[in-house]
Amino acid sequence: MSDIDCRVMKMNKKIFRSSLLVALLVLTASFVMIIGILFNYFQLQIEKELKNEAMYISIAIENEGAEYLKSIVNNEERVTLISADGTVIADTSVEAEELENHLDREEIKKALADGYGTSVRYSETLTEKVVYYAQLLDDGSILRVSTKQYTVVTVLLGLSQSISAVILFTFILSFILSSRVSKSIVKPINELDLDDPENNNNAYEELSPLLSKISSQHKTIEKQLHEAKKQQEEFSLITENMSDGLLVIDKNMQILMCNTSAKKLLNASGNINGNVFSVNRSKAFRQSVEKSLGGERFENEMIYNDKHYKIIANPVYEESEIIGAFIVIIDITDTIQREQMRREFTSNVSHELKTPLTSISGFAEMMMNGGIDEATVKDFSKSIYEEAQRLISLVIDIIRISELDEKSNIFVKEKVDLYELSEEIIERLKPQADKKSVKMNIFGGKAQVYGVRKILDEIIYNLCDNAVKYNNNGGTVDIIVRTTDDEAIITVRDNGIGIPESAQNRVFERFYRVDKSRSKEKGGTGLGLSIVKHGAVFHNAQITLDSQINEGTSITLKFPT
Ligand code: ADP
């Protein structure tokens, strides 16, 4: 049974009890009043009869004298003749001599004063009463007629059975009627359609203001619910699309909300609820939760499943009382790795710069000290020149790689034809290629890429430069440019020295060289392929390397078009 049904039933009982009580009270009051009115009426009737009788008897006494009383035989009534001094002259029930002086009787006193008098006297048991009527006769004597009458108590006692039956009957009748009345009052209320209070609810006109109030509250609640739902959806949309994990907990550390990213980061699945430590028990996580629930904003780092996370925990207050906390979990693995790479790069750069500078400084010092023949000075100058050239190439490459690292938006994208660009690069590399009698060929046709010309140039230049550099004398370099439905593809293939399989994964790392002295000798910086990789990532291009030692190397880049 619903709460509303329960309340309606209680209301029904209340109405029933009240109406039953009212019915019984009205019945009792009517009963008492009717009995009272009836008795009063009978009393007056008796007095009237006694008066009439007294009148007839007085006439008879005037004619026949006191002897007349002896002729009256009536058990119901008693007639007494009393002299003016109160002495009883004659009485129909008792011998006159036996009776005491009646002067003090109330009705006698009244009769002596007013000509007639009445009085009522109750028996000791109150079951009977006697009504007296006294009348002053012309000769000064007083004639008194009296009769017995049952009191209310006697009548009620005598009729107790019938009265009980009537009471029982009226009680049952009241009970049935009250029950019906209460049901008929409650029924329309029970049938009210509170979901649509203003329609089809015509039971009581008096309820209209209440029903329209309920209706307007209904509308307000619906509006508020709609707003709350909208806000909830917006909140879910935002939190679900966050790449960071978000956890909301109450003050008892129970999870109130956990977004998908948090589940993913913490490697949890399914419906997450219960204690927050069921999700993660690491020291850093515990500390963050405890500190935030202690009222402190707390930031911490944790390593979980080989990943680095930053935890930011904030307390949530309601009227200066902490009611919970929200915890943001950010995956900082990439940042940490980038920082690590930057540190390594800086130390590598320092090292790479130091080597040519040390050579330059050494040659210059020897020349400064003098005593060197002209031919040696020429050799030293050549070495200084070459080392300086290396330094320049190194600095240029470092600048390029830094630009790509910062994903600088100074780059302007445009449509670039890889075939045309390759032809230009072949021209530029011709002197180096001719020096080694390396033949450079281009195959294919137009392949347009929407990209940054400068970066695309560096990519193809570095690939072709390596293909010439690490080639044998008289070798060949083929550049193949082609397109598919959704890709522009360029392959730079040589038949040079090749890259050992163990190094193939590492050649794209910064400063990695298979043969350091050989690369140095060829003027390499160890950054060429790293620039190619960065450039490819910038253009969302895919790189594949295929190489066989002493057979040659082929590097392919696929650009989405
Ligand atoms: P470098 O400036 O030394 O050429 P790169 O990053 O361009 O640096 O290349 C890294 C290393 O990969 C080179 O030192 C070289 O050993 C190897 N390598 C690159 N391209 C080729 C190629 N076409 N044939 C053989 N080895 C190559």
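For ligands, and for the atoms within them, numbers begin at 1 and follow the listed sequence. All residue numbers in this chain count up from 1 along the given sequence. If you're wondering where the values come from, they're calculated on a predicted model, not measured in any experiment.
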If you define the side chain from C-beta out and look only at heavy atoms, does anything of R390 sit under 4.5 Å from T525? no
Residues R506 and E509 bridged, charged N to O under 4.0 Å: yes
Heavy-atom closest pair (L265 atom, I329 atom, distance to 0.1 Å) is CD1-O, 3.4 Å
At their closest point, which heavy atom of L557 faces which heavy atom of A541, and how far apart are they? CD2-CB, 4.3 Å
Provide, line by line, the atom pairs where ligand 1 and the protein bring an N/O atom each to a distance under 3.5 Å; else say none.
residue	atom	partner	partner atom	Å
ligand 1	2 (O)	T525	N	2.7
ligand 1	2 (O)	G526	N	2.8
ligand 1	3 (O)	Y470	OH	3.2
ligand 1	3 (O)	S519	OG	2.7
ligand 1	3 (O)	G526	N	3.4
ligand 1	4 (O)	N466	OD1	3.3
ligand 1	4 (O)	K469	NZ	3.3
ligand 1	4 (O)	Y470	OH	2.8
ligand 1	6 (O)	G528	N	3.3
ligand 1	6 (O)	L529	N	2.8
ligand 1	7 (O)	N466	OD1	3.4
ligand 1	7 (O)	N466	ND2	2.9
ligand 1	7 (O)	L529	N	3.2
ligand 1	8 (O)	G526	N	3.4
ligand 1	14 (O)	Y470	OH	3.3
ligand 1	16 (O)	V514	N	3.1
ligand 1	20 (N)	N466	ND2	3.4
ligand 1	23 (N)	D494	OD2	3.0
ligand 1	24 (N)	T553	OG1	3.4

Output field: ring centroids F511/F345 closer than 6.0 Å: yes
Which pair of heavy atoms, one from A447 and one from V481, lies closest together, and at what distance? CB-CG1, 3.4 Å
